[in-house]
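Reading through the structure tokens given below for one structure.
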Amino acid sequence: MKPQRVTWALEDHTRAKHEILRRYLQAWFPILALGGFPRMVFIDGFAGPGIYDDGSDGSPLIALKAFLDQATPIRAECHFHFIEKDEARADRLHGCIGTLFAARAKPRNLHVRVHSGEGFEQVYAEALRDHPRNAPVFALVDPFGWNGMPMTAMRDLMNRASGEVLVNFMFEEINRFLTHRDQPDNFDALFGCPDWRKVTALPPAQRKAGIRDLYAAQLVSMAGARFVRHFEMRNGRERTDYYLFFATKNQKGLKKMKEAMWSVDQRGGMAFSDATDPGQQVLFDGSDLTQLEGILARRFSGATADVDEIERFVVEETAFRETHYKGILKGMEARVPAAIQVEACREGRRRGTYPAGTRVRFA
Ligand SMILES: C[S@@+](CC[C@H](N)C(=O)[O-])C[C@H]1O[C@@H](n2cnc3c(N)ncnc32)[C@H](O)[C@@H]1O
């Protein structure tokens with residue numbers, strides 16, 4: 001339900017989203033700084049008032065603090081664009097930013113702009129125009145519903161040297177309104193194609209996957225993402241509240257986003273999982289780690305593979321992280337009969353370790 005007041009209560013599922021944003025940005029700024037980029041751009045497309053009823057930070061403050069709290073100060077010019085259509089919320093956000101910089105010095109290389117009155121769809125292009133094409137852009141797209149976040153905007157944001165988007169896809173509401181007679185134009189814009197109409201005819205279980213997979217496919221084919229993963233947030237009633245879609249062209253970005261996802265606190269009656277691959281719903285609490293053995297066994301059955309190739313597969317095509325697979329290989333090697341055998345490795349390798357250059361054969 002859309003709140004009418006300027007601020008509203010912070011819910012558990014929003015807390016999880018914030019934790020992911022915070023952890024990702026804590027890694028994003030220094031990675032790009034080390035990469036030598038002289039300028040970085042953060043766009044919060046649906047910024048909100050900057051604060052919740054209980055005083056917790058909203059996404060703009062979380063992003064600013066992720067920048068300010070770096071142990072090694074970031075020297076690049078960092079531009080934050082906060083787009084908030086509602087004037088009263090934008091005023092509150094101004095106030096929150098003012099309070100932050102009354103308490104802490106504002107670095108000269110930090111540039112903050114609040115855009116209000118108009119919406120994300122109207123303003124994002126203007127924000128992008130301020131910056132050269134080679135400046136990395138990270139955009140958070142976090143609406144209440146589905147309007148005003150067209151796939152063309154995702155394409156323009158991704159169409160940068162290092163463009164990434166984190167989109168809150170309000171599945172429950174989108175699903176509910178998909179057949180509403182006033183909405184076809186809005187859904188055409190959201191998906192960037194008319195194909196969502198085919199999904200409406202599917203039975204409920206397939207319809208959910210159909211909606212989600214169409215959006216993911218469009219992020220690749222239309223927006224130009226190389227990697228897209230989606231993360232499902234279920235509420236206490238076991239219903240899907242929303243999907244977070246992360247789209248990037250960069251493997252390092254993908255690794256860091258997964259690291260952020262795997263570190264989210266799962267308490268509070270919600271379940272947060274990676275549902276990108278059919279038949280592989282993976283909870284981020286570690287309880288599903290054993291799934292990875294089956295995934296590796298199926299993918300490499302009877303084949304030999306270099307650890308680099310295994311790692312690339314794990315990072316790019318599964319819900320798991322680069323830190324997960326070596327422990328699984330160790331278990332597979334130790335088993336009797338062994339599920340993998342080391343075919344080549346550097347001299348002096350210890351059993352159960354898989355340094356670069358190790359090749360294994362899967363049973
Ligand atoms: C879900 S809230 C954002 C919460 C915020 N990202 C956070 O995590 O703290 C969505 C916000 O988008 C604003 N909004 C609604 N339509 C908009 C539009 N077309 N463009 C930009 N902001 C819009 C609403 O006023 C609301 O404050």
Side-chain angles (χ1 to χ4, degrees), residues 1-26 42-67 80-97 99-100 112-128 138-154 156-157 164-174 177 183 185-187 189-190 231 233 235 241-246 260 264 268 270 272:
M1 188 78 118
K2 237 192 237 183
Q4 302 302 317
R5 291 180 301 117
V6 173
T7 63
W8 57 92
L10 178 67
E11 295 183 32
D12 281 335
H13 60 90
T14 306
R15 214 185 294 277
K17 185 172 66 189
H18 284 168
E19 203 173 321
I20 289 160
L21 178 70
R22 179 182 300 111
R23 286 177 187 269
Y24 186 71
L25 291 180
Q26 279 167 349
F42 174 82
I43 299 178
D44 192 338
F46 294 76
I51 191 165
Y52 285 79
D53 283 349
D54 66 355
S56 299
D57 287 339
S59 54
L61 276 287
I62 288 169
L64 287 170
K65 288 181 182 174
F67 173 82
F80 289 75
H81 293 269
F82 299 125
I83 305 172
E84 171 52 56
K85 191 172 184 178
D86 182 283
E87 307 258 7
R89 289 185 180 138
D91 282 350
R92 180 62 66 89
L93 175 56
H94 261 299
C96 292
I97 295 169
T99 307
L100 175 69
V112 181
R113 200 168 151 198
V114 177
H115 306 255
S116 70
E118 287 189 307
F120 168 69
E121 194 177 355
Q122 289 77 36
V123 178
Y124 80 90
E126 179 195 325
L128 284 179
F138 179 94
L140 172 68
V141 179
D142 180 25
F144 281 136
W146 58 88
N147 289 338
M149 47 178 286
M151 189 56 74
T152 47
M154 307 306 152
D156 296 344
L157 291 160
E164 296 184 334
V165 294
L166 182 64
V167 181
N168 186 2
F169 187 85
M170 301 297 286
F171 171 78
E172 205 272 323
E173 293 183 31
I174 291 170
F177 282 88
Q183 292 298 326
D185 291 350
N186 292 330
F187 286 122
L190 175 74
F231 306 96
M233 176 64 74
N235 59 30
D241 253 358
Y242 63 80
Y243 287 104
L244 277 184
F245 280 86
F246 176 63
V264 170
M270 55 184 193
F272 196 49

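Counting starts at 1 for both ligands and their atoms, following the listed order.
Under the 4.0 Å criterion applied to side-chain N and carboxylate O atoms, R23 and E19 are assigned as salt-bridge partners.
Here the side chains of V141 and F46 are in contact, with some heavy-atom distance below 4.5 Å. Here the side chains of F42 and L64 are not in contact, with every heavy-atom distance at 4.5 Å or above.
Contact residues for ligand 1 (protein heavy atom closer than 4.0 angstrom to any ligand atom): W8, H18, G45, F46, A47, G48, Y52, G58, S59, I83, E84, K85, D86, R89, G119, F120, D142, P143, F144.
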*Could you walk me through whether E126 and R113 pass the salt bridge (Lys or Arg N to Asp or Glu O under 4.0 Å) check?*
CA-CA 12 Å; E126 179 195 325; R113 200 168 151 198; 3.2 Å; yes

_What verdict does the side-chain contact (heavy atoms from CB on, under 4.5 Å) test give for V112 and F82, after you've listed the backbone C-alpha separation in whole Å, the side-chain angles of each residue and the deciding distance to 0.1 Å?_
CA-CA 8 Å; V112 181; F82 299 125; 3.6 Å; yes

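No more than 12 heavy atoms of other residues, nucleotides or ligands lie within 6.0 Å of CZ in R92, so this atom counts as exposed by the packing criterion.
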